[in-house]
Amino acid sequence: MPRRTEEETSAAGAEAFRGAVVGAAKWGLIAGGLGAVGYFLSPIYRGLTVQFKVYIQLSSMTFGGWIEADRRLRAYEFHARREKKRQNDEAVWRRWEGMIEQQERREQEQKQEKG
């Protein structure tokens with residue numbers, strides 16, 4: 001596997017961090033909404049200690065951050081690989097174009113020498 005530059009590593013880390021923040025917020029809101037529903041509808045949930053309710057909330061936020069960070073990192077790596085492949089293909093294409101142009105110049109020079 002090719003080594004990544006410091007810039008690529010930093011960009012991947014930043015994308016994973018943004019994913020973790022978004023995931024924690026999203027899952028935190030969902031867990032908070034479910035906690036509110038549970039508080040009004042369930043006597044069992046109302047009977048839980050505050051510490052355990054906080055644990056449930058934080059666990060869902062941690063899980064959501066982890067899932068979203070992983071998803072964003074995989075998407076970032078996919079796009080980075082695709083971009084590197086595109087750049088490599090473009091370099092190969094330019095080399096081929098250069099070879100064809102060089103061959104055409106040689107053929108024209110040969111025609112001029114004969115003619």
Side-chain angles (χ1 to χ4, degrees):
M1 183 143 115
R3 293 186 53 85
R4 299 194 195 306
T5 64
E6 187 174 328
E7 182 180 296
E8 290 171 331
T9 304
S10 294
E15 186 65 25
F17 178 75
R18 283 191 296 272
V21 170
V22 168
K26 186 183 348 178
W27 282 68
L29 287 172
I30 291 169
L34 289 174
V37 168
Y39 183 80
F40 288 110
L41 297 180
S42 173
I44 296 172
Y45 187 81
R46 277 193 300 267
L48 297 176
T49 63
V50 173
Q51 294 87 348
F52 191 66
K53 291 176 189 175
V54 169
Y55 170 75
I56 292 170
Q57 181 74 26
L58 288 176
S59 295
S60 64
M61 291 175 72
T62 302
F63 181 72
W66 173 53
I67 294 295
E68 186 68 19
D70 183 60
R71 187 187 71 77
R72 292 246 184 138
L73 185 59
R74 283 186 288 122
Y76 177 82
E77 288 176 346
F78 173 77
H79 291 296
R81 281 192 307 269
R82 179 182 271 176
E83 179 62 22
K84 277 189 176 184
K85 180 163 177 24
R86 187 195 62 76
Q87 288 174 354
N88 288 340
D89 290 349
E90 190 175 299
V92 168
W93 185 258
R94 273 192 247 119
R95 241 184 327 211
W96 274 100
E97 286 177 337
M99 289 172 54
I100 291 171
E101 288 173 1
Q102 190 177 34
Q103 186 178 4
E104 288 174 352
R105 273 188 254 127
R106 282 189 203 142
E107 288 174 359
Q108 285 181 354
E109 289 173 1
Q110 289 175 354
K111 285 182 183 178
Q112 288 176 356
E113 288 176 3
K114 289 182 181 179

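Heavy atoms only: backbone and side chains are in, while hydrogens, waters and symmetry mates are out.
Every pair tested for salt bridge (Lys or Arg N to Asp or Glu O under 4.0 Å) that includes a residue from residues 42-55 fails, sequence neighbours excluded, so the list is empty. Each salt bridge (Lys or Arg N to Asp or Glu O under 4.0 Å) pair with one or both residues in residues 91-100, not counting sequence neighbours, appears once here: E90-R94.
Both F40 and F52 belong to a common hydrophobic cluster when Ile, Leu, Val, Met, Phe, Trp and Tyr are linked at side-chain heavy-atom distances under 4.5 angstrom. In the hydrophobic cluster analysis, where Ile, Leu, Val, Met, Phe, Trp and Tyr join through side-chain heavy atoms closer than 4.5 angstrom, I30 is grouped apart from F63. Note on I67: it does not cluster hydrophobically with L73, by side-chain heavy-atom contacts below 4.5 Å among ILVMFWY residues.
If you take NZ on K84 and CG on D89, they are separated by 14.0 Å, rounding to the nearest 0.5 Å. Between W93 atom CH2 and R86 atom CZ the span is 14.5 Å, to the nearest 0.5 Å.
Residues I56 and L34 are not in side-chain contact: their nearest non-hydrogen atoms beyond the backbone lie 4.5 Å or more apart. Side-chain contact between H79 and E15 is absent, with no heavy-atom pair separated by less than 4.5 Å.
Shown here for S60 and A31, the closest heavy-atom pair between the two residues is OG-CB, 2.9 Å. Scanning both residues, Y39 and Y45, for their nearest heavy atoms gives N-CD2, 3.5 Å.
For R74 and E77, the salt-bridge test fails: no basic side-chain N is under 4.0 Å from an acidic carboxylate O.
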Sequence neighbours left out, cut at 3.5 Å: what donor-acceptor pairs do the side chains of residues 101-108 make with other protein atoms?
none

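No donor-acceptor pair closer than 3.5 Å links the side chain of E68 to the backbone N or O of V21.
The 12-atom threshold is exceeded at CD1 of I100, counting heavy atoms of other residues, nucleotides or ligands nearer than 6.0 Å. Atom CZ of R82 has 12 or fewer heavy atoms from other residues, nucleotides or ligands within 6.0 Å.
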